[in-house]
Amino acid sequence: MDTSFEITMLMVITIISGIGAQVLADYLKVPAIVFLLIFGILVGNDILGLVHPNLLGDGLEVIVSLSVALILFEGGLSLELRALGAVSGSIRNLVTAGTLITLVGGGMAAHWLGEFPWPIAFLYASLVVVTGPTVVGPLLKQVSVDRPVAAILEGEGVLIDPIGAILAVLVLNVVLSGSADPVELFRELITRLGIGATIGVVGGALMGWSLKQAKFMSEDLTSLVVLAALWGLYDAAELVSSESGLMTAVVAGMVVRSVGVPEMRQLRRFKGQLTMLCVSVLFILLAADLSLESIVALGWGSVLTVLALMFIVRPINVLICTLSSKLNWRQKFFIAWIGPRGIVSASVSSLFAILLTQRGMNGGDSIKALVFLTIIMTVVTQGLTAKYVAQLLRVTSSTATGAVIVGSNPISRLIGQMFQERNESVVIIDTDPEACEQAKDEGLRVYQSSALDPNVLEEAGLESMGTFLAMTSNGEVNLVLAQRAAEEFQPPRVLAIFPQEPQKKTANSNGKEKVQQAFIPEFPLKQWSQYVQDREVKLGETLLRQPGLEFQRSHLQAMIRSGEFLPLLLLRQEQLMVVPVAETWQAGDRIIYLLHDPKPKLLKRLSGSQQTDLTLDKHPVVEEVPIPSPHLETISAKESSN
């Protein structure tokens, strides 16, 4: 058979297998790497024999290098610098001291438990100091966790990859030469990282400036120009100092993100798609070349090595590196639990196996097998359990508390006070000095500024808040503010007051609503604010009960339509939330509401109703749900039987 046709078939089968694995993983909501490894082994030499990566020769190293550079650039492009700033100390420790801890701990485990010689043991440890954005990123998309926790895992995954790759190459050189000088090793590491970072900063800044100036280019062409520029920068860094290109790719992505080039969303979408393709191809190719016999031959000692890396070395690493952070023990536990290895470990170990074999040294295939065993065990164990561990530890983003509210008006201030009464942080943002002063007088934390400024939202602490609520008098502005907050800070609950039509457009354009409409459709904010100012409202709370739940819902909806009932907050499982329009109320929910009470002011004065503070109470007009008698008898019978 013609060699060119064999290579064509190899690439076609690889791409089909990789995309098929991605589709299956997306359908089952598990990390894609699980099925990429399974499919790669399935089509590889040991089982079906459809994919033979050795046909690519030196081309495999080229594909790996350019693909990893693109993956790391996309990782840098996706990093939220604002979120990283709040946890920069922990990330710095993890990619510096943490690297050393993993190198030493992993080497000791591989030597004592896996019975590898010291040089090979430390070479293995250098390959697994990295975690990897290709695994951590998709995992965090499936498991929404606290923003600080997500920022640390994302930042570590992206920034440690180039450090780990360079460290692995330096350790390999030590193994091949037989001489080890720690000072020289450290100097080489810092030099290559410095060169890569410098080229990345300069190249990324030039790339960003050029894209801003070249307004004549279409969106599609812009994405391709960035791809060409990235690979050009990577190649330039490799010419200056080998293995510095990965650091260049990461830093260039971060700089382009910070410069704020036009159509950033389109650029990130394009790079994300390319990254998914690269990951799919690489994992299939590398897993296809893996020998299952070599993994089995490692024995139980290697399994114990990986377990020690996961449950001893990683927790010690995280504990030391986050010692001075503000993270609680649950957050630290989750970070310690998540340390899956990814494409950099797989690709570099595969190349090392080839180099060691060419030099006539034993251990290359064993190292590759142990690295893949590490990838399999960490990805399967941590990837499949991350969601349940996050829920058990209560570090999911949905459990975040507090609120940032844009717009100081009587209702927003009332909502802020309700959150504060539960000891939750509340910040009010408004540009009107008088409205801000009123909020301050009511004991609320206030920022007199525009919520369009991301620095204000950052200072207000939105990245750690559970709710963003935009309720100014301008519905279109509210929608824009909420969309920007959702994109930049990704709080668990983003709500706004806006007209019904934009809500439909948002749902159609995004596929799913990132911004929820607050309270009720077509909410008359000025009217209800006037009611509160004139003391023509009562504050109430009602509990939804399972018997007669549908009648209770219908009764409340009828009161909403009549304009006399306004649901504000929902207390569900001890968590206070602003009521979204589309929320389905459940049994056990407590609805905190405002009830329009248009009693003449004179009658209020005569009845002694002079208080200005609203107090929670139960009101007969809400609690007395009209239920037809046959249905009432059925409900009573059910209650008596229970």
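Nothing fancy with the numbering, it's 1 onward along the sequence.
Here Val135 pairs with Ile33, Pro340, Val379 under the side-chain contact (heavy atoms from CB on, under 4.5 Å) rule; sequence neighbours left out. Applying the side chain to side chain donor-acceptor pair (under 3.5 Å) test to Gln382 and every residue at least two apart in sequence or in another chain returns nothing. In this structure Tyr531 satisfies the ring pair (Phe, Tyr, Trp, His ring centres under 6.0 Å) test together with Trp528, His596, sequence neighbours excluded. When the side chain to side chain donor-acceptor pair (under 3.5 Å) test is applied to Arg330, no partner is found at least two apart in sequence or on another chain. Checked against side-chain contact (heavy atoms from CB on, under 4.5 Å), Ala403 has the following partners two or more places apart in sequence or in another chain: Ile405, Phe419, Thr467. Evaluation of the ring pair (Phe, Tyr, Trp, His ring centres under 6.0 Å) rule for Phe334 yields no partner, not counting sequence neighbours. Scanning for salt bridge (charged side-chain N to carboxylate O under 4.0 Å, His left out) contacts around Glu74 gives an empty result, with sequence neighbours left out. The side-chain contact (heavy atoms from CB on, under 4.5 Å) search around Thr431 returns Ser450, not counting sequence neighbours. Considering only residues two or more places apart in sequence or on other chains, Gln530 meets the side chain to side chain donor-acceptor pair (under 3.5 Å) condition with Asp534. In this view, Gln417 and Glu442 satisfy the side chain to side chain donor-acceptor pair (under 3.5 Å) rule, not counting sequence neighbours.
Rounding to the nearest 0.5 Å gives a distance of 7.5 Å between CG of Leu94 and CD1 of Ile335. One finds the CG atom of Asp453 at 9.5 Å from the CD atom of Glu459 (value rounded to the nearest 0.5 Å). Between Leu539 atom CG and Leu568 atom CG the span is 7.5 Å, to the nearest 0.5 Å. Taking CD of Gln516 as the reference point, atom CG of Leu495 lies at 5.0 Å (rounded to 0.5 Å). Between the CG atom of Leu556 and the CG atom of Leu544 there is a distance of 6.5 Å, given to the nearest 0.5 Å. The CD1 atom of Ile91 sits 12.0 Å away from atom OG1 of Thr322, with the distance rounded to the nearest 0.5 Å.
Looking only at atom types and distance, the side chain of Gln448 has no donor-acceptor partner in the side chain of Asp430 under 3.5 Å away. For the residue pair Thr542/Glu623, the side-chain donor-acceptor check at 3.5 Å is satisfied.
Using cut-offs of 30° and 60° on the angle between ring planes, the pair Phe333 and Trp337 is parallel.
Applying the salt bridge (Lys or Arg N to Asp or Glu O under 4.0 Å) test to residues at least two apart or on different chains, none of the pairs has a partner in residues 396-409. Pairs of residues two or more places apart, or lying in two chains, that qualify as side chain to side chain donor-acceptor pair (under 3.5 Å) and include a residue from residues 571-593 are Arg572-Glu583, Arg572-Asp589.
Without hydrogens or angle criteria, Asn317 side chain to Ile101 main chain gives no donor-acceptor distance under 3.5 Å. Between the side chain of Gln517 and the main chain of Phe498, a donor-acceptor pair closer than 3.5 Å is present. For Ser412 (side chain) and Asn409 (main-chain N/O), a donor-acceptor pair under 3.5 Å exists by modelled atom type. Under a 3.5 Å cut-off, the side chain of Lys271 and the backbone N or O of Ser223 do form a donor-acceptor pair. In this structure a side-chain-to-backbone donor-acceptor pair under 3.5 Å is present from Gln331 to Asn328. At least one donor-acceptor pair under 3.5 Å links the side chain of Ser258 to the backbone N or O of Val255. Side-chain atoms of Asn474 come within 3.5 Å of backbone N or O of Val477 as a donor-acceptor pair. Looking only at distances, no side-chain donor or acceptor of Asp597 sits under 3.5 Å from a matching main-chain atom of Val537.
Side-chain atoms of Glu541 and Ile591, non-hydrogen and from C-beta on, never get closer than 4.5 Å to each other. Between Cys436 and Ser408 there is no side-chain heavy-atom pair separated by less than 4.5 Å.
The heavy-atom pair separating Gly407 from Thr472 by the smallest distance is CA-CG2, 4.1 Å. The nearest pair of heavy atoms linking Ala336 to Val318 is CA-CG2, 3.7 Å. Shortest non-hydrogen contact noted between Val515 and Ala496 is CG1-CB, 4.2 Å.
Taking 4.0 Å as the cut-off between side-chain N and carboxylate O, Arg553 and Glu550 count as a salt-bridged pair.
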Evaluate the criterion salt bridge (Lys or Arg N to Asp or Glu O under 4.0 Å) for residue pair Lys440 and Glu434; output intermediate values, then yes/no. CA-CA 10 Å; Lys440 287 180 183 177; Glu434 185 178 346; over 6 Å; no
